[in-house]
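Everything on this sheet refers to the single structure shown next.
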Amino acid sequence: MENQKLNGNDLLAIGFEGKAIGAALQLLQTAYKGKTKEHTLALLKKVLDTPEQYREHPVLAPLAEELLVPAPAEPLALKPDQQAYAIWGAEGIEVRALNQMDIAMRLPVTRAGALMPDAHQGYGLPIGGVLATENAVIPYGVGVDIGCRMAMTLYDMPATFLEQNRERLKGLLVDNTRFGRATFQKPKEHAVIDRPEFRDIPILKGLKDRAFEQLGSSGGGNHFVEWGTVELADAQNEWGLAPGTYLALLSHSGSRGMGAAIAGHYTKLAMEGCMLPQEARHLAWLDLDTEAGQEYWLAMNLAGDYASACHQQIHERLAAAIGQQPLARIENHHNFAWKEKDAQGRELIVHRKGATPAGKGVLGIIPGSMTAPGFIVRGKGLSASLNSASHGAGRTMSRTKAKELISPEAVQQQLQQAGVDLIGSGLDEAPGAYKDIRKVMAFQQELVEVVALSYPRL
DNA sequence: ATGTCC
């Protein structure tokens, strides 16, 4: 009798919602008829609070199962108006990259952004995009190759050393680097492989063995290791080196399969929990207060340290091979997220996806192409750029288009003209596939000052 | 970018 008065509104009042209301009302049609309303409501409240305890219950199990179904993620709307952001070298940036940045500036978590002069289309955030969010990290705002970076060591070089030792130096590169799917037969130990994250974070457990196998290797795509000469013009340089010409080893690579697997795993998680409109779906974020967000942050940092370890080993092997200690070392990553404070002292998550950190006095390396010079730069700390600069020249055409349009003969001629011995590369990395680095540097004069030029040789 | 599709 009493239960005839118990209706959906009573269930809403104690916190039931959605399909669980129907499931509970259905139960009440057959069970608990002789019980008081108070008794039944108290029981239902207990099921609502701890449904896992009623999974096996003879009567309440169907309701418990309904309560245990995870609620579908709420679709999130983009803000109607995008926040303003600064662009350097806008005339050289493809429309698709601009459109992607416009969408990123409409995310509810976005607080600031900027676009670098080498920008081009990527997944979600464009390459060359910088995005500052509040308490949220976007796995595709970091990119697939987490922690991808540049590293350079400078060596004392008698004027004619490189020219007189081309074949020997080339041989040392072939012997001491690994590209594509090749790895070292016996990888060198490194402390990064013993990090506790590899056992504390489930996804990393399965990635440790391959990470060790790939340690010290470079991968593919635009990754390289090269000998070159550095023309150091700045007498007030950080290393106290005399202006002049130095032998330089320059490397570009990232976190190999490990970073790619982390990016894939957490992007999928983010997209499941953060439903965005189709045009923004790859910008799904993880809240840093959630377990997944904190895990990604730790895994991303480990991938960054792993990428750094690979460069360390590359440079260690080649320093040993030429029997010299480096005079100076420069390193910077350009696919990563950092916790940084803005001008108001507010902590933001700054994603740089193919952008060089350029805080005041911060050194970085911006490579040109296989024939064009790279630039060692010192950041000027411009806040409108979120303390960033480009991470290279930027592509003028897609990889597919480059393979179609560029002839091997044309590349040969460019290499010869620049005095570069190429050990190996695809046409998709040909100089013609990239913008003119000198123009790109001209666009970003207010972001960085040039410390030295680096000329690729072999 | 990526044992280049689980």
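So that the names make sense, note that chain A is the first sequence line, chain B the second, and so on, each numbered from 1. Note that this is a predicted model, so its numbers are computed, not measured.
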Checklist entry - If you measure only the distance, is there a donor-acceptor pair under 3.5 Å linking the side chains of Glu295(A) and Tyr266(A)? => result yes

Next on the checklist: Atom CZ of residue position Arg166(A) - does it have more than 12 heavy atoms of other residues, nucleotides or ligands inside 6.0 Å?
Outcome noted: yes

Checklist entry - When all nucleic acid strands are considered with a 4.0 Å heavy-atom cut-off, which category describes Gly257(A): base, sugar-phosphate, or nothing? => result sugar-phosphate

Checklist entry - To the nearest angstrom, how far is Tyr123(A) atom OH from dT4(B) atom P? => result 14 Å

Next on the checklist: By the 4.0 Å heavy-atom rule, please label Gly219(A) as base, sugar-phosphate, or nothing.
Outcome noted: sugar-phosphate

Next on the checklist: Below 30° counts as parallel, above 60° as perpendicular, anything between as tilted: where do the rings of His334(A) and His252(A) land?
Outcome noted: perpendicular

Next on the checklist: I need the NZ-P distance between Lys268(A) and dT2(B), as an integer number of Å.
Outcome noted: 22 Å

Next on the checklist: Side chains of Met397(A) and Glu404(A), heavy atoms from C-beta outward: is any pair under 4.5 Å?
Outcome noted: no

Item to check | For atom CZ of Arg181(A) and atom C1' of dG3(B), their distance in whole Å | outcome: 7 Å

Checklist entry - For the ring pair His333(A) and Trp338(A), is the centre-to-centre distance below 6.0 Å? => result yes

Item to check | Heavy-atom side-chain proximity of Arg317(A) to Lys188(A) below 4.5 angstrom | outcome: yes

Item to check | Close approaches to DNA chain B from residues 201-215 of chain A, in residue order (heavy atom, under 4.0 Å) | outcome: Arg210(A), Gln214(A)

Checklist entry - Within this structure, what is the CZ-to-P distance between Phe179(A) and dT2(B), rounded to whole angstrom? => result 11 Å

Item to check | Nearest-angstrom distance from the residue atom NE2 of His265(A) to P of dC6(B) | outcome: 14 Å

Checklist entry - With a non-hydrogen cut-off below 4.0 angstrom, is Gly220(A) in contact with a base, only sugar-phosphate, or nothing? => result sugar-phosphate

